[in-house]
Amino acid sequence: EPEVTQTPSHQVTQMGQEVILRCVPISNHLYFYWYRQILGQKVEFLVSFYNNEISEKSEIFDDQFSVERPDGSNFTLKIRSTKLEDSAMYFCASSDSGEQYFGPGTRLTVT
Amino acid sequence: KQEVTQIPAALSVPEGENLVLNCSFTDSAIYNLQWFRQDPGKGLTSLLLIQSSQREQTSGRLNASLDKSSGRSTLYIAASQPGDSATYLCARGVWGNKLVFGAGTILRVKS
């Protein structure tokens, strides 16, 4: 069964460093998303991406964040200068316009 | 503001019991309603998707209903098993396809 994959599973970085989180969505899906979940809190929407451009972004998704689909299979989230409060589980999801399928997540720890 | 509330926050039941998890949302402009399961430290597994034009969906021992007029959805789990122990998340889909999540119900099924 097709699934969304994410790498790495755990990333530790120092404050101020850049990180790139990678996702491979389900191959025939057209809509891509990033969400995050801070420990003990709700899952929060960050950004949606369709037709090679951002379709919607939340207040959290400020200039420090960017997304890219560099080729036909990968979807990346870049955080340019990480802060302590960026520590969270980051989930990638994809859909073909209906049900969203989530990846296993990348746990980002900023020290 | 697009709030999603889940009641109860936690539930502990003996094996074999039928149970109901509740989800309520403000704003009846809903695109769809999706129920997920999350195991500790893991990703989100989609259980059921109900489109705004539907009243309910069933998958095995799970049944989810949607009442847009009252802003409520319920997830019914029949004959609960210890393997059902997890956090159950409700998420409403809004126009643009982003999901707005509730805080979840932590379910423990005792053998």
Side-chain angles (χ1 to χ4, degrees), chain A residues 1-10 21 23-26 29-51 53-61 67 88-109, chain B residues 1-7 9-10 23-27 29-54 56-59 62 64 66 73 75 86-106:
Chain A
E1 185 173 324
E3 58 182 15
V4 177
T5 59
Q6 291 186 242
T7 54
S9 57
H10 191 190
L21 310 183
C23 168
V24 178
I26 293 172
H29 284 180
L30 301 176
Y31 298 82
F32 313 113
Y33 312 85
W34 284 100
Y35 294 83
R36 79 173 185 188
Q37 185 177 34
I38 295 171
L39 190 63
Q41 297 187 21
K42 293 182 180 183
V43 176
E44 303 173 285
F45 167 79
L46 292 178
V47 66
S48 57
F49 192 86
Y50 170 72
N51 201 26
E53 61 182 24
I54 290 174
S55 47
E56 187 173 356
K57 60 184 180 180
S58 72
E59 294 173 351
I60 303 167
F61 195 88
V67 290
M89 185 77 101
Y90 288 80
F91 294 109
C92 172
S94 70
S95 78
D96 59 358
S97 84
E99 190 168 5
Q100 291 190 25
Y101 295 88
F102 281 65
T106 292
R107 180 168 299 284
L108 176 66
T109 302
Chain B
K1 197 174 178 184
Q2 298 160 340
E3 294 285 344
V4 177
T5 303
Q6 291 189 246
I7 294 172
C23 172
S24 62
F25 46 89
T26 56
D27 190 347
I30 186 171
Y31 187 63
N32 57 37
L33 195 292
Q34 199 166 348
W35 283 92
F36 294 88
R37 170 188 172 133
Q38 185 175 31
D39 292 284
K42 304 291 186 182
L44 281 65
T45 301
S46 179
L47 298 173
L48 289 164
L49 170 75
I50 311 175
Q51 299 288 1
S52 63
S53 58
Q54 297 174 319
E56 65 178 320
Q57 281 287 341
T58 298
S59 175
L62 305 179
L66 174 63
S73 176
L75 179 66
T87 298
Y88 289 81
L89 301 175
C90 160
R92 62 175 285 228
V94 300
W95 188 252
N97 287 333
K98 75 177 185 185
L99 292 175
V100 178
F101 282 83
T105 293
I106 302 170

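Per chain, numbering begins at 1; letters A, B, ... match sequence-line order. Quick caveat: nothing in here was measured; it's all calculated off a predicted structure.
Every residue two or more places apart in sequence or in another chain was checked for a side chain to side chain donor-acceptor pair (under 3.5 Å) with T5(A), and none qualifies. Partners of Q6(A) under the side chain to side chain donor-acceptor pair (under 3.5 Å) rule, at least two apart in sequence or in another chain, do not exist in this structure. D39(B) meets the side chain to side chain contact (heavy atoms under 4.5 Å, CB included) test with R37(B), K42(B), A86(B); sequence neighbours excluded.
Annotation: I106(B), atom CD1; neighbour count of heavy atoms from other residues, nucleotides and ligands within 6.0 Å does not exceed 12.
Of the possible polar contacts, none joining the Y33(A) side chain to the L99(B) backbone as a donor-acceptor pair under 3.5 Å is found.
For V100(B), no part lies under 4.5 angstrom from a heavy atom of chain A. Heavy-atom distances place the side chain of Q37(A), and not its backbone, under 4.5 Å from chain B. Contact annotation for Y35(A): only side-chain heavy atoms (C-beta onward) come within less than 4.5 Å of a heavy atom of chain B.
If you take NZ on K42(A) and CD on E3(B), they are separated by 5.0 Å, rounding to the nearest 0.5 Å. F102(A) CZ to F36(B) CZ: the interatomic distance, rounded to the nearest 0.5 Å, is 4.5 Å.
Taking non-hydrogen atoms and a 4.5 Å limit, the residue list of residues 43-51 of chain B in contact with chain A, ordered by number, reads G43(B), L44(B), S46(B), L49(B).
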